[in-house]
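Positions are given from 1 along the sequence. Basis for what follows: all heavy atoms, side chains included, without hydrogens, waters or symmetry-related copies.
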Amino acid sequence: MSFFRSLALAAAAMVLATGVASAKDWTKVRFGTEGAYPPFNQTSADGKLVGFDIDIGNALCDKMKVQCEWVVQDWDGIIPALQANKFDAVLSSMSITDERKKIVSFSDKYYTSPIAFMAPKDAKLTDISPASLAGKTIGTQSSTISANYLQDLYGKSDVKLYPTQDEANLELGNGRLDVAVADKFVAYQWLQTDAGKCCDFVGKDVTEQKYVGDGIGIAFRKDDEGLKDKVNKALAEIRADGTYAKINAKYFPFSIYGDK
């Protein structure tokens, strides 16, 4: 073997060894979540994080054999907090959109949710087109796909944005909104509560890819591809072994995963 070939092989081995050594050994994963988005993530009366997202995250950690740590973060600042290394991934019912993909990397989807409109039952509203709702007051959570949809198309309505979806729902129930807009399954859960008995779904669900994206995924910093790969593998495993179906059934009497 020539001297130069030996040097080249030694250099290649050194690069490979350095790459392996620098790859993060994930023994703990810190998930960031809003903690105010029932039934997906919320803080219970005794201060514990509960919900579909939390159960999914804990199941993923079990599969990956890592310790789960949860960090509560206001929705508006959740991506900046991820970039600032406050946590390792966002597991908080975040839609996979082209705009967000410019900033973060996403896992495979773990459920799919269209946008839905809600109104008081006695309003007898059927037409939710921008023309029909001109002059009406519509509310939703800020920095969401629902907010983007309303701001793009409902310029002739009075669009009100709230820090949480619960606040928008409360305003609808109290008669201060004509219509509220939310992810379908969040809205469904609220409509089952005493506060939500006032209201019902109206019109057709919004399913345009431009707004609802490619489903709901877990967001990562773009340089954490190794963690994303581990999470995707674990997602496939909980789907295959029935864990996902059990979690789904705990919250909904129908599948929320959606078509492939």
Side-chain angles (χ1 to χ4, degrees), residues 23-97 99-111 113 141-147 161-168 182-183 185-186 189 213 215-235 237-238 243-244 247-248 250-251 256:
K24 184 162 182 178
D25 182 17
W26 292 97
T27 58
K28 178 173 75 172
V29 174
R30 300 168 299 157
F31 285 122
T33 197
E34 182 184 8
Y37 199 62
F40 291 96
N41 56 80
Q42 64 195 98
T43 305
S44 65
D46 59 359
K48 293 181 180 179
L49 279 172
V50 296
F52 180 88
D53 288 341
I54 311 306
D55 289 353
I56 289 292
N58 289 334
L60 294 176
C61 286
D62 285 346
K63 286 294 183 187
M64 294 187 290
K65 294 180 171 54
V66 299
Q67 177 188 346
C68 251
E69 182 178 306
W70 291 93
V71 179
V72 176
Q73 171 68 49
D74 288 344
W75 179 255
D76 283 354
I78 207 162
I79 288 180
L82 172 67
Q83 303 290 30
N85 203 38
K86 189 173 180 181
F87 34 79
D88 304 309
V90 175
L91 209 173
S92 193
S93 289
M94 182 175 284
S95 296
I96 305 168
T97 65
E99 192 65 25
R100 287 175 179 150
K101 283 191 283 188
K102 295 174 184 176
I103 307 168
V104 297
S105 179
F106 279 100
S107 70
D108 297 335
K109 75 169 187 178
Y110 66 98
Y111 77 92
S113 183
Q141 184 177 8
S142 62
S143 302
T144 62
I145 59 172
S146 297
L161 303 180
Y162 299 87
T164 69
Q165 187 62 43
D166 274 348
E167 292 174 70
D183 283 1
F185 303 128
V186 171
Q189 189 75 12
I216 307 297
I218 301 165
F220 306 87
R221 290 180 291 273
K222 283 185 175 286
D223 57 357
D224 278 339
E225 290 296 306
L227 178 58
K228 185 179 81 169
D229 291 344
K230 287 175 69 72
V231 166
N232 278 337
K233 181 174 182 292
L235 270 173
E237 289 172 352
I238 67 169
T243 302
Y244 181 96
I247 295 171
N248 188 128
K250 179 178 174 181
Y251 296 94
I256 68 169

Gln83 CD: over 12 foreign heavy atoms closer than 6.0 Å:
yes
Applied to residues 37-73, the disulfide (SG to SG under 2.5 Å) test, sequence neighbours excluded, yields Cys61-Cys68
| query | Is Ile238 close to Leu60 at the side-chain level, that is, under 4.5 Å between some pair of heavy atoms? | reply | yes
Between Ala147 and Leu161 the two heavy atoms that sit nearest each other are CB-CD2, 3.9 Å
Note to self: Is any side-chain heavy atom of Val50 closer than 4.5 Å to one of Gln42?
What the structure shows: yes
| Residue pair Arg221 / Leu82, side-chain heavy-atom distance below 4.5 Å | yes
If you apply the rule side-chain contact (heavy atoms from CB on, under 4.5 Å), what do you find for Gln73 with Phe87, and how did you get there?
CA-CA 10 Å; Gln73 171 68 49; Phe87 34 79; 3.9 Å; yes
TODO: Using a strict cut-off of less than 4.0 Å between a Lys/Arg side-chain nitrogen and an Asp/Glu carboxylate oxygen, indicate whether Lys28 and Asp88 qualify as a salt bridge.
DONE: no
Looking at Lys48, is its backbone amide N or carbonyl O close enough to the side chain of Ser44 to form a donor-acceptor pair, meaning the two atoms are under 3.5 Å apart? yes
**Asked** Hey, does Asp229 have a side-chain heavy atom less than 4.5 Å from the side chain of Phe220?
**Response** no
Shortest non-hydrogen pair, Ile216 vs Ser95, comes out as CD1-OG, 3.4 Å
Shortest non-hydrogen pair, Ile96 vs Gly217, comes out as CG1-N, 3.6 Å
Heavy atoms of Gly57 and Leu91 approach each other most closely as CA-CD1, 3.4 Å
request  = Say whether Lys222 and Ser105, considering side chains only, have a donor N or O and an acceptor N or O under 3.5 Å apart.
outcome  = no
Could you give me the CA-CA distance, side-chain angles and deciding distance for Val231 and Met64, then say whether side-chain contact (heavy atoms from CB on, under 4.5 Å) is met?
-> CA-CA 8 Å; Val231 166; Met64 294 187 290; 3.9 Å; yes
Interatomic distance, CZ@Phe106 vs CG@Asn232, rounded to 0.5 Å, equals 12.5 Å
Between Phe52 and Tyr110, how do the two ring planes meet: parallel, tilted or perpendicular, split at 30° and 60°? parallel
**Message:** So Arg100 and Ile145, do their side chains get closer than 4.5 Å, heavy atoms only?
**Reply:** yes
**Request:** Run the numbers on Gln165 and Glu34 for side-chain hydrogen bond (donor to acceptor under 3.5 Å, both in side chains), then give the verdict.
**Result:** CA-CA 11 Å; Gln165 187 62 43; Glu34 182 184 8; over 6 Å; no
Rounded to the nearest 0.5 angstrom, the OG-CE distance for Ser107 and Met94 is 11.0 Å
* To do: Would you indicate whether Asp74, at its atom CG, is surrounded by more than 12 heavy atoms from other residues, nucleotides or ligands within a distance under 6.0 Å?
  => no
Interatomic distance, OG1@Thr243 vs CG@Leu235, rounded to 0.5 Å, equals 11.5 Å
Rounded to the nearest 0.5 Å, the CG atom of Asn85 sits from the CG atom of Asp224 at a distance of 8.0 Å
Side-chain H-bond candidate by donor/acceptor type, Asp55 with Tyr251, under 3.5 Å:
yes
OG of Ser113 to CG of Asp183, rounded to nearest 0.5 Å, is 4.0 Å
Check: Is there a side-chain contact between Thr27 and Val66, using heavy atoms and a 4.5 Å cut-off?
Finding: no
Distance col, row Ile218:CD1 vs Ile56:CD1, nearest 0.5 angstrom, shows 8.0 Å
Quick one: are Tyr37 and Val186 in side-chain contact, heavy atoms under 4.5 Å?
yes
Practice problem: Please examine the side chains of Trp75 and Ser92, heavy atoms only from C-beta on, and report whether any two atoms are closer than 4.5 Å. | Solution: yes
- Item | Residue pair Thr144 / Gln141, side-chain donor-acceptor N/O under 3.5 Å | no
Arg30 side chain vs Val71 backbone, donor-acceptor pair below 3.5 Å:
no
Query raised in the report: After noting the C-alpha distance and the side-chain angles of Phe31 and Val90, does the key distance pass the side-chain contact (heavy atoms from CB on, under 4.5 Å) rule?
Result: CA-CA 6 Å; Phe31 285 122; Val90 175; over 6 Å; no
Problem set entry | Residues Asn248 and Tyr111: side-chain donor-acceptor under 3.5 angstrom | no
How about Asp53 and Thr33: does a side-chain donor come under 3.5 Å of a side-chain acceptor?
no
